[in-house]
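Working notes, structure below.
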Amino acid sequence: MTELAKAYDAKKYEDEIYKKWEELGFFKPEIDPSKKPFTISMPPPNATGTLHLGHATMLAIEDILIRYKRMAGFCALWLPGTDHAAIATQNKVEGILQKEGKTRHDLGRDKFLEKVKEYVANSQDTIRNQVRKMGSSCDWSREAYTFSDQLSFAVNTVFKRMYQDGLIYRGHRIVNWCPRCQSTLADDEVTYKETKSRFYYIKYGPVIIGTARPETKFADKVVIVHPDDKRYKKYVGKEMEIDWIDGKIKAKFVADEVADMEMGTGAMTITPAHSFVDFELAQKYGFEIIPIIGMDGKMLDVAGEFAGMDVKTCREKLVKKMQGQGLIDKIDEDYVHNLSICYRCGTSIEPLTSDQWFIDVNKKFPREKWEKKDNNLLKDLEGTNFSIKDIANHVVRSGQIKIVPNSFDKTYFHWMDNLRDWCISRQIWWGHRIPVYYCKDCGHIMVELDKITVCEKCSSVNLRQDEDTLDTWFSSALWTFSTLGWPNETEDLKYFHPTQVMETGYDILFFWVARMIIMSTYTLGEIPFETVYLHGLVRDKEGRKMSKSLGNGIDPLDMIAKFGADPVRLSLVIGTSPGNDMRLYEEKISGYRNFVNKLWNAARFSMMMIENTKENSSDLSLADKWIMTKTQTLIEEVTDFLNDFRLSDAGDKIYDFTWNVFCDWYLEISKVHHNPAILKYVLDVVLKLAHPFSPFVTEAIFQELQFNEENKKMLISEKWPNIQKDLVFEIATKQMETIIDIIKSIRSIRAESKVDPVKKIQAYIYGKDLTSALLAKSEVIKRLANLGELIIAQSGQKIEDSVSKFIGDIEIYLPLSGLVDFKKEFERLKKEAKRLTDYITALQLKLNNNNFVSKAPEHVVEEQRQLLKSAKTELAKVEEQINKS
RNA sequence: GGGCGCUUAGCUCAGUUGGUAGAGCAUCUGGUUUACACCCAGGAGGCCCAAGGUUCGAACCCUUGAGCGCCCACCA
């Protein structure tokens, strides 16, 4: 006799089971040409982070997909890894140094990098174990790291190729500069914060200009006004001498439509070195571009007496000076605008010009360039020349890549359409060093895959490698193929790429997903993945973002320790839908803990019955046929939902079936009469279907279910259930469902009539066509409805002094004389009659409507007719009963 | 300013080709029944944001509006 604990204890099983799966190699697919591959590249967590709910969600969803496909016969690869997360990691280590009163410059580049490496190695271990805790069935033997030698080589290879194609260029341009990180940022790495500040109206010769940043204005020499602005028409095209901060300067007036007549005074001076719009204007008209603020965030020499001050101090002092000069017209105190800030550290961004590396997103290449191998990347695409942007757009537009939910298509297109050249150089140390070498002697520039020491042109050894590193997204953009061995033509790459699903949060659609599409189509001529599944953000019960400062964060690892990994997974998947934020709270997790326990007990109970029964009956009872049929429906629904990426619906179905069908009915019925073969079959199916969602408890049960067999199989590698048409019994199912209705009715009457729950009462059922089925199940009905005596007949007399209920033409009487207040019963009947009358009226109205009968589909009309017929029968019975009272 | 999403039971959410509104939690009543109190049985609870329109029929489709949230652009 198997002795299992009354409650499932996750701690007792999880680690052990995970270890077994891993050691036995279930996570590691062998390439098999006869099988279809199913690949997911795991979005690499930052190498320095710890697991948060976003990761937990990602892991839960991906593991469900992978486990399902693995069981369904695919060669399933889930490739894990970590990201070196350039700026984020460097910031973290700098923070640690800061506590010791040091900066990275105190250590120097090499020593600092050693320190970061050490730190990363430690954190990677943490992350790996946390990923395991979630039950992730990923292939650790293929684990990757964005900064490994192999991936770095891939990075250099792509860089070189893009450089040779003229896609990567170095340019002196205006960029987003974070003075704290001491680095550039890509456009989408800048976020905005609504801020209230002062707005200064300053006298500039004959006009008044408005600005929130007077400290940038030292060298402004051009006034822009709108061509239609009557106020300033007289000045346009003129040059005049005006009094400015450090004496007289010459200012030019130019008309351009960018000037907004409504904004401020309608006149503006421009600062090309520190504003994107102004920079473009300066290029358009060929104005001088004079830097005012340095990369350290301090004022340059052009600021005269203010040189060397930080921006804030300068502003205060400058405004005082200008007030003294009478240059300040007025100051608006409540100016609200969006301040651009660094998404990593929150420091306000300083746009400034500098030499940087860019990817040209608009350079066009001829068709032949894109048509590689046997790809149909360009399918249905007209035209002769395409940029990386065009192709990235096309693969989504043409449906080669599908985004779930598709409402994000528009967002994607909009972003792609407006994409400007991508600044890829960063001035931090932690990251892939740009593989460009300059010869100090002859000035020759070389882009090399491996480190070089000699100039290829003049043989000088006086070389200097570019100091900058690459944007972290450059390397992660290669993730789907660099992790499979590219640029080597590996078997993995050939077999597993393109991958099938990219699953990640919608918040990195641009940062990452879009860039992967760009890089994969450019480099391989292949899409990186077929489907993008975007999950939402996890919020607290009030819908707030979880954050340390609010203290409302839930640590997935705490929850796993408390409830187990299965409940955490279930609560992150069920009740959520792709692209939509979800709310998580402990009660929800504990609810799924209860479910896991329910499943455990259902198995425990089933096993007792299976074990204690020697003979196997080949006869199928009504209940057996019913549960078999319901099981087939379940298989079909769950499979369809999973194929459709509707994980929540799939999980919900499993939950509902397990609890409300299998446990509440079939197991209860089994207490009267049980069929071990059927019990085993249904339990088996449930375990398999539930396994992707709650892998641990299902595997634990599956092991126990094999009792003392040698060479136990593991659920993880079992075959996904198929529907068996010969196990569908429609008539029996209908009959069983009516019997369930009858039992429910009796229970309901008992409760409403306040009959002592332990009292075994008597019942009459006139079953009409269902009579023989009822007779077969009479013991079941007696038990589940708690009846002492049950009289079943085809039809018969009304029973005096009884409470009655009618289901279609079936009549139920409970002789409760002395136990029930018949006045109340009379009221109940009246109410019932009213409900039925209203219902019948509504149905008749509908059926008398010629439009309905002629226009609605036949099956709908027929359905309504049946409903009417059965309601009428019931009403007649109810009314008869009322008349008798 | 441009775009997207949400608004359904007290709470969190389903409701996919338009056909008498659903689940979980919470709540109420009752319960030591051959698994499970992390349980069982039963009940109550909804002008499906508002107003129009299409339709025989609308939570669902269309228009407008309100409230909430998000993304993008930009404010010199």
Side-chain angles (χ1 to χ4, degrees), chain A residues 4 6-8 188 192 199 209-213 216-217 220 224 258-260 263-265 267-271 275-278 281 335-338 340 405 407-408 410-411 414-415 418 506-507 509-510 536-537 541 543 563 567 574-577 579-585 587-588 590-609 644 646 648-649 652 655-656 659-660 663-664 667-668 670-672 744 747-752 754 756-758 783-784 786 838-839 842-843 845-846 849-857 859-861 863-864 867 871:
Chain A
L4 289 182
K6 274 177 87 164
Y8 171 65
D188 49 355
Y192 297 90
F199 193 75
I209 57 159
T211 182
R213 305 203 54 192
T216 65
K217 298 282 162 201
D220 283 13
I224 306 280
V258 295
D260 180 354
M263 174 80 199
T265 60
M268 65 175 186
T269 60
I270 62 165
T271 314
S275 151
F276 279 82
V277 180
D278 294 1
L281 276 172
Y335 177 64
V336 178
H337 64 143
N338 285 327
S340 43
S407 51
F408 278 94
K410 265 195 177 171
T411 324
H414 181 259
W415 184 83
N418 292 295
Y506 65 75
D507 51 331
L509 177 63
F510 306 140
L537 269 41
K541 195 164 188 178
F563 301 109
I574 302 180
T576 71
S577 53
N580 289 316
D581 292 351
M582 61 189 102
R583 302 188 184 199
L584 187 73
Y585 37 93
E587 297 93 296
K588 188 173 174 186
S590 76
Y592 287 107
R593 186 267 322 268
N594 296 353
F595 169 70
V596 164
N597 189 241
K598 186 77 181 174
L599 185 58
W600 174 258
N601 272 288
R604 188 161 75 98
F605 186 54
S606 303
M607 280 193 269
M608 273 163 45
M609 287 190 283
D644 233 9
R646 289 168 61 175
S648 173
D649 292 326
D652 213 36
Y655 182 104
D656 179 60
W659 203 311
N660 305 118
C663 289
D664 286 354
L667 288 187
E668 289 305 319
S670 293
K671 289 175 183 174
V672 176
K744 279 185 172 170
R747 282 175 175 173
S748 175
I749 292 170
R750 289 184 64 119
E752 270 182 73
K754 308 247 185 263
D756 181 353
V758 294
R783 184 190 167 89
L784 298 194
N786 199 17
D838 289 350
Y839 185 38
L843 283 171
L845 212 69
K846 200 186 265 189
N849 184 331
N850 269 334
N851 279 322
F852 173 69
V853 178
S854 59
K855 287 182 186 171
H859 75 272
V860 173
V861 178
E863 212 175 277
Q864 304 290 310
L867 288 171

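Computation of the quantities below employed the complete heavy-atom set of this structure, encompassing side-chain atoms and omitting hydrogens, waters and symmetry-equivalent molecules. In this text the structure is predicted, and so the values were computed from the model without any measurement. Throughout, protein chains are lettered first and strands after them, A, B, ... in sequence-line order, and every chain is numbered starting at 1.
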For the side chain of [X], starting at C-beta, report the closest nucleotide among [options].
X	options	answer
A:Arg583	B:A35, B:U12, B:G30	B:U12
A:Ala751	B:U34, B:G42, B:C36	B:G42
A:Ser748	B:C75, B:G43, B:U33	B:G43
A:Asn660	B:G24, B:G19, B:A35	B:G24
A:Arg646	B:U16, B:C74, B:G24	B:U16
A:Arg747	B:A41, B:U34, B:C75	B:A41
A:Ala602	B:G43, B:A35, B:G3	B:A35
A:Asn338	B:C11, B:A14, B:C74	B:C74

| task | Both distances under 3.5 Å, Watson-Crick or G-U wobble: on that basis, could you give the dot-bracket string for RNA chain B, with [ ] for crossing pairs and | for other-strand partners? | result | ((((((((.[[[[.)...(..]]]].(((((.......))))).....[[[[[..)....]]]]])))))))....
Name the nucleic acid region contacted by [X], choosing base, sugar-phosphate or nothing; use a 4.0 angstrom heavy-atom cut-off, strictly under.
X	result
A:Asn580	sugar-phosphate
A:Ala267	nothing
A:Val277	sugar-phosphate
A:Ser854	nothing
A:Phe563	nothing
A:Lys588	nothing
A:Thr271	nothing

| message | Please evaluate residues A:Tyr655 and A:Tyr592 with respect to the criterion side chain to side chain contact (heavy atoms under 4.5 Å, CB included), reporting the C-alpha separation (whole Å), side-chain torsions for both, the decisive distance (0.1 Å), and the verdict. | response | CA-CA 9 Å; A:Tyr655 182 104; A:Tyr592 287 107; 3.9 Å; yes
Rounding to the closest angstrom, what is the interatomic distance between [N] and [M] at atom [atom1]?
N	M	atom1	result
B:C11	B:C48	P	16 Å
B:C25	B:A58	C1'	30 Å
B:G24	B:A44	P	15 Å

| task | Taking only the side-chain nitrogens and oxygens of A:Lys410, find out if one of them lies under 4.0 Å from OP1 or OP2 of B:C4. | result |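 Looking at the OP1 and OP2 atoms of B:C4, one of them is under 4.0 Å from a side-chain N or O of A:Lys410.
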| query | Quick one: is A:Arg783 getting a side-chain N or O under 4.0 Å of the B:U34 phosphate, OP1 or OP2? | reply | yes
| field | Full working for side chain to side chain contact (heavy atoms under 4.5 Å, CB included) between A:Asn850 and A:Lys855 | value | CA-CA 8 Å; A:Asn850 269 334; A:Lys855 287 182 186 171; over 6 Å; no
| What closest approach, in Å, do A:Asn786 and A:Pro757 show between heavy atoms, and which atom pair accounts for it? | ND2-O, 2.7 Å
| remark: Looking only at heavy atoms, the pair that brings A:Thr576 and A:Ser648 closest together is O-CB, 3.1 Å
Whole-Å distance between [N] [atom2] and [X] [atom1]?
X	N	atom1	atom2	result
A:Asn786	B:G42	CG	P	13 Å
A:Tyr585	B:C13	OH	C1'	8 Å
A:Leu509	B:C4	CG	C1'	12 Å
A:Tyr592	B:C25	OH	P	9 Å
A:Asn601	B:U34	CG	C1'	13 Å
A:Leu784	B:G42	CG	P	11 Å
A:Leu4	B:C36	CG	C1'	12 Å
A:Glu587	B:G10	CD	P	18 Å

With [X] via ring-ring contact (aromatic ring centres under 6.0 Å, His included) - residues at least two apart:
X	answer
A:Tyr335	A:Phe199, A:His337
A:Tyr8	A:Tyr13, A:Trp600
A:Phe605	none

With [X], which residues qualify under salt bridge (Lys or Arg N to Asp or Glu O under 4.0 Å), at least two apart?
X	answer
A:Lys754	none
A:Glu863	none
A:Asp581	A:Arg539
A:Arg583	none

| request: May I ask whether A:Tyr839 stacks on the base of B:U20, given the cut-offs of 5.5 Å between ring centres and 30° between planes? | output: yes
| task | Could you check A:Ser275 against A:Ala603 and say which one's nearest nucleotide on RNA chain B is further toward the 5' end? | result |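 With A:Ser275 and A:Ala603 compared, the 5'-side residue is A:Ala603.
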| query | If each of A:Asp649 and A:Ile270 is mapped to the nucleotide of RNA chain B with the nearest heavy atom, which maps nearer the 5' terminus, i.e. the 5' end? | reply | A:Asp649
Write out a two-atom table: protein N or O, nucleotide N or O from nucleotides 55-62 of chain B, distance below 3.5 Å.
| unit_1 | atom_1 | unit_2 | atom_2 | d |
| --- | --- | --- | --- | --- |
| B:C56 | OP1 | A:Lys855 | NZ | 2.1 |
| B:C56 | O2' | A:Asn849 | ND2 | 2.9 |

| task | Could you list the residues that satisfy side-chain hydrogen bond (donor to acceptor under 3.5 Å, both in side chains) with A:Thr271, not counting sequence neighbours? | result | A:Lys217, A:Asp220
| said: Using 0.5 Å steps for rounding, measure from the SG atom of A:Cys663 to the CG atom of A:Asn601. | reply: 8.5 Å
Protein N or O to nucleotides 67-72 of chain B N or O, pairs below 3.5 Å:
none

Could you tell me whether the side chain of [X] and the main chain of [Y] form a donor-acceptor pair under 3.5 Å?
X	Y	result
A:Asn418	A:His414	yes
A:Arg750	A:Asp756	yes
A:Ser275	A:Asp278	yes

| field | A:Lys671, NZ: over 12 other non-hydrogen atoms inside 6.0 angstrom | value | yes
Name the pairs: protein N/O against N/O of nucleotides 37-39 of chain B, kept only if under 3.5 Å.
| unit_1 | atom_1 | unit_2 | atom_2 | d |
| --- | --- | --- | --- | --- |
| B:C38 | O4' | A:Asn594 | OD1 | 2.9 |
| B:C38 | O2' | A:Asn597 | OD1 | 3.3 |
| B:C38 | O2 | A:Arg593 | NE | 3.1 |
| B:C39 | OP1 | A:Asn594 | ND2 | 3.4 |
| B:C39 | O3' | A:Lys598 | NZ | 3.1 |

